[in-house]
**Student:** 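Next up is a structure, given as structure tokens.
All values reported here derive from a predicted model rather than from experimental measurement.
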There are 2 protein chains.
Amino acid sequence: MVMKPRRRTAPAKMSDIARLAGVSPSTVSRALAGSPLVTARKREEIHRLARERGYVVNSTARNLRLQRTQTLGVVIPLAHETSQPLSDPFFMEMLGWLADAITQRGYGMFLLKVLPPMEGWLTDLIASQRADGIIVIGQSTEHQTLEAAALHYKPLVVWGGHLAAQSYCTVGTDNLAGALAAVEHLIKLGRKRIVFVGDPAVPEIGLRYEGYRLAHERAPGLRAPPHLVSSHLTPDTSYEAVRAFISAGGNCDAIFAATDVIAMSALRALTASGISVPSQVSVVGFDDIALAAHSNPPLTTVRQDIERGAHTLVDLLFRRMAGEDAPSSTMPAELVVRESSC
Amino acid sequence: MVMKPRRRTAPAKMSDIARLAGVSPSTVSRALAGSPLVTARKREEIHRLARERGYVVNSTARNLRLQRTQTLGVVIPLAHETSQPLSDPFFMEMLGWLADAITQRGYGMFLLKVLPPMEGWLTDLIASQRADGIIVIGQSTEHQTLEAAALHYKPLVVWGGHLAAQSYCTVGTDNLAGALAAVEHLIKLGRKRIVFVGDPAVPEIGLRYEGYRLAHERAPGLRAPPHLVSSHLTPDTSYEAVRAFISAGGNCDAIFAATDVIAMSALRALTASGISVPSQVSVVGFDDIALAAHSNPPLTTVRQDIERGAHTLVDLLFRRMAGEDAPSSTMPAELVVRESSC
DNA sequence: GGCCCTTACGAGATCGATTGCATGGCCAAG
DNA sequence: CTTGGCCATGCAATCGATCTCGTAAGGGCC
């Protein structure tokens, strides 16, 4: 599409301010940068003029000259997701905290949501030099892509599960330990048939499933029922999966859901089937999104410290941008017991 | 902070590709742009080389030359919000749809979250020419700022309530009609004491409160109880407000909440106080966020078509960027009756 | 008064792409 | 064989800032 090349009133440029101040653009540049090379008197005069005229440095030109963008790329890959809206509040809360952390550092945030078909999304973003560093929220099923990119491109950090042999830098919760604690909590309550709901193909979820399996292995005489696969981003698929399970006569006394969104859908599916929570079936989620405390009944879940996670992501990324080879970081998970499991 | 000026392996530039292909940068530029001025044979050869070397045009340089950024600014002002996380799923779902709509047009998305102290956030963004157009999600309490900016800057659209005399372009739901329908629904159910929970200082919420008041005026013999003021972004303040209301002996048979987040907190507060929904108290929300259908009981609410809203915002913005003086747009609201009001 | 050193400032190159204009080669018509 | 026209291509200016380097002015000292 063709755009008009110019706005009605072209914004002032540095040379305009220079002319007004009776100096050269060099001096204006230095004055605005607070350089001591320019006399205090002139510096203040230039600042005053700039403020009056509403002059702000053109960031495109500055970035070209300085060979940096003062911007971080934040990518949300949704390969495993067929439906459009990215609605998992966990990602969204993460985005909010990232926005804070990035802004605090004086950087901007270039947001990219990637949907299938996903080809070259990462290499192209890197090559376009639109960002000084990249944060990928969630591995989705793009482990290979990340692996390949990390070989050549250092300022890259990923929120997600830490897999055995991986060369890219991740920040994430100890999914296995968290899941283990959650399921052991259910076992301690005397629950015998605990169903897992989630899609283990996504690395993070896979690790949670491992924790679930491990808890069963450690409990004598307990066997894990077949788990229900369900994409973790839409409430609907999870709801249907649980309802189908129940109406097919599947019986269980607890549900361990891979995310809080799934857990809340499970809660509703159980209620709709006339099953009461927690007296008949206990439900435990994962994430501790803001709404988890406000579901009905409030949800027992494994808390991930999103705020800390966001700050760690940004911190590691800055260290990598500075050339350091900052390593992955795993944060502890914390079981939060509420009324959906008693 | 000082950054290393260069990455370990400097990315290829256009002149590199030109040298490899044995042509001038001009020809490479034209070839990559698909210009018919360059022979098909050469064009393909250049494309092949670029692909092999992973060359992608440096967007900063291109943008400087073309005097545009191929990027839209998306701003979330949170003046009225003291706590940090931006957690209202409504805004987040909007962000997701905006990301889609903007990506579809081949544009990027520069995300900015603005917290107090909010000074010059809009004028600076405009002057920096970082974006070709700006979308502001929610007026917050920044009506004056928007009004002032719109005088000089045309490619600006705002999600929010349409106020009487306003010169900036808004897209929003018919808040008044939606609220009217919701409250009339409650009245038809025989509810007599309907409490409003929300903060009318935010324009959108103010209009919803107007609808609430209007429904009471039209119903003979009905008087609105005092409303509960509560910021609409945190679940906690709303929860506390409702609990305090009840334990202070306030009695009501229905709650009309300004947003779904508030409504879900109210649901939980009622349950915690031993009041059953909907048999004793009906609850109606506003927004129809994804989780509204999955609360317990599922929430009756006023649906805003977020997807359409996002597309309208982007559509109007592009028309404004093209120089057209596109007008505000108000979309119909739709009452969705679920089990929280029967 | 002359010399040197410091200091404030400007001229001009530079970042990497796009594009108007000039040019050289080739083909066809005369 | 010449000449005119067209087409593909390259040269160089341009976008708006930053920063190196050179220089003029000013001040101190002998």
Side-chain angles (χ1 to χ4, degrees), chain A residues 2-7 10-46 50 53-71 126-132, chain B residues 2-7 10-46 50 53-71 126-132:
Chain A
V2 182
M3 292 282 115
K4 287 239 180 99
R6 272 275 173 189
R7 293 192 223 303
K13 34 183 159 175
M14 193 170 273
S15 55
D16 295 334
I17 304 295
R19 196 168 343 97
L20 286 163
V23 297
S24 78
S26 316
T27 303
V28 175
S29 176
R30 281 189 274 254
L32 294 179
S35 160
L37 283 174
V38 58
T39 33
R41 197 168 131 42
K42 228 168 227 174
R43 197 185 324 149
E44 277 158 31
E45 165 72 0
I46 289 170
R53 307 277 161 157
Y55 172 76
V56 174
V57 173
N58 178 317
S59 49
T60 308
R62 147 181 278 180
N63 291 344
L64 176 59
R65 178 65 235 250
L66 297 182
Q67 293 290 79
R68 57 138 177 73
T69 60
Q70 197 80 344
T71 296
I126 293 170
S128 75
Q129 300 169 73
R130 213 181 249 284
D132 297 339
Chain B
V2 182
M3 294 280 116
K4 286 240 180 97
R6 272 275 173 189
R7 292 193 223 305
K13 34 184 158 174
M14 194 170 272
S15 54
D16 296 332
I17 304 295
R19 196 170 342 95
L20 286 164
V23 296
S24 77
S26 317
T27 304
V28 175
S29 175
R30 281 188 274 253
L32 294 178
S35 158
L37 282 174
V38 57
T39 32
R41 199 170 129 41
K42 226 168 228 175
R43 196 186 323 149
E44 277 157 32
E45 166 73 359
I46 290 170
R53 306 279 161 155
Y55 172 76
V56 174
V57 173
N58 178 316
S59 49
T60 308
R62 147 181 277 178
N63 290 345
L64 176 59
R65 178 64 236 250
L66 298 182
Q67 295 289 81
R68 57 141 178 70
T69 60
Q70 199 79 345
T71 296
I126 293 170
S128 75
Q129 300 167 74
R130 213 182 250 285
D132 297 338

**Student:** Could you pull out the closest heavy-atom pair between B:Q70 and B:D132, with the gap in Å?
**Tutor:**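 Of all heavy-atom pairs spanning B:Q70 and B:D132, the closest is N-OD2, 2.9 Å.
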**Student:** Looking at D:dT14, does its base get a donor-acceptor pair with the side chain of B:R65 below 3.5 Å?
**Tutor:**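 Under the 3.5 Å cut-off, the side chain and the base do form a donor-acceptor pair.
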**Student:** To the nearest Å, give me how far apart CZ (A:R43) and C1' (C:dT7) are.
**Tutor:**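 Roughly 14 Å, once rounded to whole Å.
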**Student:** Nearest to the side chain of B:T39 - C:dG16, D:dT9, D:dA17?
**Tutor:**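 The closest nucleotide is D:dT9.
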**Student:** How many angstroms lie between CG in B:N63 and CG in A:N63, if you round to the nearest 0.5 Å?
**Tutor:**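 If we round to the nearest 0.5 Å, B:N63:CG and A:N63:CG are 10.0 Å apart.
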**Student:** Just N and O in the side chain of A:T27: are any of them under 4.0 Å from OP1 or OP2 of C:dG10?
**Tutor:**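 Looking at the OP1 and OP2 atoms of C:dG10, one of them is under 4.0 Å from a side-chain N or O of A:T27.
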**Student:** Can you work out whether A:M14 or B:V38 has the more 5'-proximal nearest nucleotide on DNA chain D?
**Tutor:**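 Residue closer to the 5' terminus by nearest nucleotide: B:V38.
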**Student:** For B:T60, give me all partners under side-chain hydrogen bond (donor to acceptor under 3.5 Å, both in side chains), at least two apart in sequence or on another chain.
**Tutor:**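 Residues passing side-chain hydrogen bond (donor to acceptor under 3.5 Å, both in side chains) with B:T60: none at all.
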**Student:** Using every non-hydrogen atom in the two residues, find where A:A18 and A:V28 come nearest and quote the distance to one decimal.
**Tutor:**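 For A:A18 and A:V28, the tightest heavy-atom pair comes out as CA-CG2, 3.5 Å.
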**Student:** So if I take residues 16-25 of chain B and measure heavy-atom distances to DNA chain D, which residues fall below 4.0 Å?
**Tutor:**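 Output list: B:V23, B:S24.
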**Student:** State which residues pass side chain to side chain contact (heavy atoms under 4.5 Å, CB included) with B:V57; sequence neighbours excluded, sorted by chain then number.
**Tutor:**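 With sequence neighbours excluded, B:V57 shows a side chain to side chain contact (heavy atoms under 4.5 Å, CB included) to B:M14, B:L32, B:Y55, B:R62, given in chain and number order.
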**Student:** For the pair made of CG in B:L37 and P in C:dC21, what is the distance, rounded to whole Å?
**Tutor:**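 Result: 14 Å.
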**Student:** How far apart are the closest heavy atoms of B:R130 and A:T69, and which atoms are they?
**Tutor:**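 Closest approach of B:R130 to A:T69, heavy atoms only: NH1-O, 4.2 Å.
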**Student:** Please report, rounded to the nearest Å, how far the P atom of C:dC15 is from the CG atom of A:N63.
**Tutor:**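 It is 16 Å, rounded to the nearest whole Å.
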**Student:** Scan nucleotides 26-28 of chain C against the protein and return all N/O pairs shorter than 3.5 Å with their distances rounded to 0.1 Å.
**Tutor:**
none

**Student:** Without decimals, in angstroms, what is the distance between B:R68 CZ and C:dT18 P?
**Tutor:**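 The distance from CZ of B:R68 to P of C:dT18 comes to 9 Å, rounded to the nearest Å.
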**Student:** Under 4.0 Å between a side-chain N or O of A:K13 and OP1 or OP2 of D:dA17?
**Tutor:**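 For A:K13, the contact criterion (side-chain N or O under 4.0 Å from OP1 or OP2 of D:dA17) is not met.
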**Student:** Reckon A:S26 has a side-chain N or O less than 4.0 Å from the OP1 or OP2 of D:dC21?
**Tutor:**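 For A:S26, the contact criterion (side-chain N or O under 4.0 Å from OP1 or OP2 of D:dC21) is not met.
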**Student:** Would you mind telling me which of C:dA17, D:dT9, C:dG10 lies closest to the side-chain atoms of A:R30?
**Tutor:**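 Closest nucleotide to the A:R30 side chain: C:dG10.
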**Student:** For a quick test of reading the model, state the closest non-hydrogen atom pair linking B:A61 to A:L64 and the distance between them.
**Tutor:**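 The answer is CB-CD1, 3.8 Å.
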**Student:** Between B:K42 and A:V28, which has a closest nucleotide on DNA chain D that is more 5'?
**Tutor:**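 Its nearest nucleotide being more 5', the pick is B:K42.
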**Student:** What about B:T60, does its side chain sit under 3.5 Å from the base of C:dC15 through a donor-acceptor pair?
**Tutor:**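 Looking at the base of C:dC15, it does not pair with any donor or acceptor on the side chain of B:T60 (distance under 3.5 Å).
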**Student:** List in chain and number order the residues that pass salt bridge (Lys or Arg N to Asp or Glu O under 4.0 Å) with B:R19, two or more places apart in sequence or in another chain; answer none if no residue qualifies.
**Tutor:**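 So B:R19 forms a salt bridge (Lys or Arg N to Asp or Glu O under 4.0 Å) with B:D16.
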**Student:** Could you give the CG-to-P distance, from B:L66 to C:dG16, as a whole number of Å?
**Tutor:**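 Distance, rounded to whole Å: 16 Å.
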**Student:** Note down the inter-axis angle between the two ends of the helix from C:dG1-D:dC30 to C:dG30-D:dC1, five pairs each, to the nearest 10°.
**Tutor:**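 Between the axes fitted at each end of the helix from C:dG1-D:dC30 to C:dG30-D:dC1 lies an angle of 60°.
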**Student:** Among C:dG16, C:dT18, D:dC19, which nucleotide has an atom closest to any side-chain atom of B:S29?
**Tutor:**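 Of the candidates, C:dT18 comes closest.
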**Student:** Rounded to the Å, how far apart are A:L64 CG and C:dT18 C1'?
**Tutor:**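 Rounded to the whole Å, the gap is 13 Å.
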**Student:** Would you tell me if any nitrogen or oxygen in the side chain of B:Y55 comes within less than 4.0 Å of OP1 or OP2 on C:dG16?
**Tutor:**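 B:Y55 to C:dG16 OP1/OP2: no side-chain N or O under 4.0 Å.
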**Student:** Filter on salt bridge (Lys or Arg N to Asp or Glu O under 4.0 Å), then keep only pairs touching residues 23-46 of chain B, sequence neighbours left out; what's left?
**Tutor:**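 For residues 23-46 of chain B, and leaving out neighbouring residues, the salt bridge (Lys or Arg N to Asp or Glu O under 4.0 Å) pairs sorted by first residue read B:E45-B:R48.
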**Student:** Which whole-number value in Å describes the distance from B:Q67 CD to C:dG16 P?
**Tutor:**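 Taking CD of B:Q67 and P of C:dG16, I get 18 Å after rounding.
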**Student:** Between the side chain of B:S128 and the main-chain N/O of A:S59, is any donor-acceptor distance below 3.5 Å?
**Tutor:**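 Absent.
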**Student:** Could I get the full list of side chain to side chain contact (heavy atoms under 4.5 Å, CB included) partners for B:A127, not counting sequence neighbours?
**Tutor:**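 For B:A127 the side chain to side chain contact (heavy atoms under 4.5 Å, CB included) partners, ignoring immediate neighbours, are A:V56.
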**Student:** Return the minimal non-hydrogen interatomic distance between A:I17 and A:A50, and the atom names on each side.
**Tutor:**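 For A:I17 versus A:A50, the nearest heavy atoms are CD1-CA, 4.3 Å.
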**Student:** A:L32 CG to D:dC19 P: how many Å, rounded?
**Tutor:**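 So the CG-P distance, A:L32 to D:dC19, works out to 13 Å.
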